[in-house]
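As the structure is a computational prediction, the values presented were derived from the model and not from experiment.
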Amino acid sequence: MAAKIYVVYYSMYGHVAKLAEEIKKGASSIEGVEVKLWQVPETLPEEVLGKMGAPPKSDAPIITPDDLAEADGILFGFPTRFGMMAAQFKAFLDATGGLWRTQALAGKPAGIFYSTGSQGGGQETTPLTAITQLVHHGMIFVPIGYTFGAGMFEMEKVKGGSPYGAGTYAGDGSRFPSELEMQQAFHQGKYFAGIAKKFKSSS
């Protein structure tokens with residue numbers, strides 16, 4: 001049976017959604033893997049989102065906590081808020097208590113990707129602080145390390161991401177993932193899917 005990879009994300013302005021779509025492409029490039037995009041529920045009213053200038057959401061289905069148990073591997077994506085994951089994603093994870101009690105996610109590989117507003121805005125602290133969520137569920141964190149090669153050492157161009165996972169800089173909201181950032185996202189999806197497939201075949 002194919003390994004099921006879920007790419008679960010929250011995106012207010014579309015930056016994380018762009019990365020998620022590219023990560024899905026990368027994961028789908030591995031034979032014997034099925035990949036599905038999911039969004040976590042929005043917690044803000046439409047009126048508030050409108051005042052914040054947030055565009056309409058993508059057509060990816062809304063996930064429930066119980067859906068997570070069906071996956072063989074999960075990639076979590078979110079924007080940062082003061083160096084940590086956005087409250088919308090944290091609210092979703094807070095609702096996974098039932099899965100925690102049964103350790104339904106224990107042993108499953110998990111990855112992280114993210115967006116920040118600036119170079120000092122949390123490209124490492126955002127994934128680092130998110131790892132606590134994986135630990136309590138007994139999940140196995142799969143970072144990309146430096147497997148992206150020369151792209152990890154780019155110094156001439158602004159590039160998000162880190163050994164923790166793919167990332168991008170949103171700036172004032174007008175900047176979207178660069179070609180190099182999208183390549184890193186594709187790489188993360190492909191790399192993660194290969195590992196998740198190995199876990200699946202050995203179980």
(message) Please determine whether side-chain contact (heavy atoms from CB on, under 4.5 Å) holds for the pair Ile74 and Phe76, giving the CA-CA distance in whole Å, both sets of side-chain angles, and the decisive distance to 0.1 Å.
(response) CA-CA 6 Å; Ile74 308 168; Phe76 298 106; 3.4 Å; yes
(request) Output the rest of the hydrophobic cluster of Tyr169: all Ile, Leu, Val, Met, Phe, Trp and Tyr residues reachable through side-chain heavy-atom contacts under 4.5 Å, sorted by chain and number. (result) Val158
(request) Kindly give the heavy-atom pair with the smallest separation between Ser11 and Val16, and that separation in Å. (result) OG-N, 3.4 Å
(message) Filter on salt bridge (charged side-chain N to carboxylate O under 4.0 Å, His left out), then keep only pairs touching residues 101-112, sequence neighbours left out; what's left?
(response) none
(request) Identify whether Leu180 and Tyr164 are in the same connected component of the hydrophobic contact network (ILVMFWY, side-chain heavy atoms under 4.5 Å). (result) no
(request) Please report the closest heavy-atom contact between Ser201 and Lys198, naming both atoms and the distance. (result) OG-O, 2.9 Å
(request) Can you run down the salt bridge (charged side-chain N to carboxylate O under 4.0 Å, His left out) pairs that involve residues 87-98, sequence neighbours left out, and say none if there aren't any? (result) Lys90-Asp94
(request) Indicate the atoms forming the closest heavy-atom contact of Pro65 with Phe92, along with that distance. (result) N-CE1, 3.6 Å
(request) Report whether Ile5 and Leu68 are members of the same hydrophobic cluster (ILVMFWY, side-chain heavy atoms less than 4.5 Å apart, transitive linking). (result) no
(message) Between Tyr13 and Met52, is there a side-chain heavy-atom distance shorter than 4.5 Å?
(response) yes
(message) Would you say Phe113 ends up clustered with Leu128 if hydrophobic residues are merged whenever their side chains have heavy atoms under 4.5 Å apart, either directly or through other cluster members?
(response) no
(request) Return yes when atom NZ of Lys57 has more than 12 non-hydrogen atoms of other residues, nucleotides or ligands closer than 6.0 Å, and no otherwise. (result) yes
(message) When you measure from the side chain of Gln123 to the backbone of Gly161, do you find a donor-acceptor pair of N or O atoms at a distance under 3.5 Å?
(response) yes
(request) Not counting sequence neighbours, which residues clear side chain to side chain contact (heavy atoms under 4.5 Å, CB included) with Ala27? List them please. (result) Val35, Ala193
(request) List the atom of Gly160, the atom of Gln184, and the distance in Å for their closest heavy-atom pair. (result) O-OE1, 3.2 Å
(message) Under the rule for side-chain hydrogen bond (donor to acceptor under 3.5 Å, both in side chains), what residues qualify as partners of Ser174, not counting sequence neighbours?
(response) Asp172
(message) So, using side-chain hydrogen bond (donor to acceptor under 3.5 Å, both in side chains) as the criterion, who are the partners of Glu22 when residues are at least two apart?
(response) none
(request) Sequence neighbours left out, what passes side-chain hydrogen bond (donor to acceptor under 3.5 Å, both in side chains) with Gln88? Give chain and number order. (result) Tyr10, Glu42
(request) Give me the other members of the hydrophobic cluster that Phe176 sits in, counting Ile, Leu, Val, Met, Phe, Trp and Tyr linked by side-chain heavy atoms under 4.5 Å, directly or via other members. (result) none
(request) Please answer: with hydrophobic residues joined when any side-chain heavy atoms are less than 4.5 Å apart, are Ile30 and Tyr6 in the same cluster? (result) no
What donor-acceptor contacts under 3.5 angstrom involve side-chain atoms of residues 150-157, with partners at least two apart or in another chain?
| from | atom 1 | to | atom 2 | distance (Å) |
| --- | --- | --- | --- | --- |
| Glu154 | OE2 | Glu156 | N | 2.7 |
| Glu154 | OE2 | Lys157 | N | 2.9 |

(request) Look at atom CH2 of Trp100 and say whether more than 12 heavy atoms of other residues, nucleotides or ligands are closer to it than 6.0 Å. (result) no
(request) With sequence neighbours excluded, tell me which residues meet side-chain hydrogen bond (donor to acceptor under 3.5 Å, both in side chains) with Lys4. (result) none
(request) Would you mind reporting whether Tyr9 and Leu37 have side-chain heavy atoms less than 4.5 Å apart? (result) yes
(request) Provide the closest heavy-atom pair for Gly122 versus Thr116 in the form atom of the first, atom of the second, distance. (result) C-CG2, 3.6 Å
(message) Between Lys25 and Glu21, does any side-chain N to carboxylate O distance fall below 4.0 Å?
(response) no
(message) Looking at every non-hydrogen atom in both residues, tell me the closest pair between Phe192 and Gly111 and how far apart they are.
(response) CE1-N, 3.5 Å
(request) Return yes if a side-chain donor-acceptor contact under 3.5 Å exists between Tyr114 and Ser162, otherwise no. (result) yes
(request) Enumerate the residue pairs fulfilling salt bridge (charged side-chain N to carboxylate O under 4.0 Å, His left out) with a member in residues 64-75, sequence neighbours excluded, ordered by first and then second residue. (result) Asp72-Lys200
(message) Against Pro177, only a single residue in Met182, Gln183, Lys159 fulfils side-chain contact (heavy atoms from CB on, under 4.5 Å); can you say which?
(response) Met182
(request) Go through the side-chain N and O atoms of Glu181 and Thr168 and say whether any donor and acceptor fall under 3.5 Å apart. (result) yes
(request) Kindly indicate, with the supporting measurements, whether the criterion side-chain contact (heavy atoms from CB on, under 4.5 Å) is fulfilled by Leu44 and Met12. (result) CA-CA 10 Å; Leu44 294 175; Met12 179 174 284; 3.7 Å; yes
(request) Kindly determine whether Phe89 and Val8 satisfy side-chain contact (heavy atoms from CB on, under 4.5 Å), including the steps that lead there. (result) CA-CA 9 Å; Phe89 209 94; Val8 183; 4.2 Å; yes
(message) Under 4.5 Å between side-chain heavy atoms, counting indirect links through other Ile/Leu/Val/Met/Phe/Trp/Tyr residues: same cluster for Leu75 and Met85 or not?
(response) no
(message) Whether the side chain of Gln39 engages the backbone of Ala60 through a donor-acceptor N/O pair (distance < 3.5 Å, no angle test) should be reported.
(response) yes
Distance-only criterion, 3.5 Å: show the donor-acceptor pairs between side-chain atoms of residues 134-148 and protein atoms not counting sequence neighbours.
| from | atom 1 | to | atom 2 | distance (Å) |
| --- | --- | --- | --- | --- |
| His137 | NE2 | Thr96 | OG1 | 2.9 |
| Thr147 | OG1 | Ile144 | O | 2.7 |
| Thr147 | OG1 | His187 | NE2 | 2.7 |

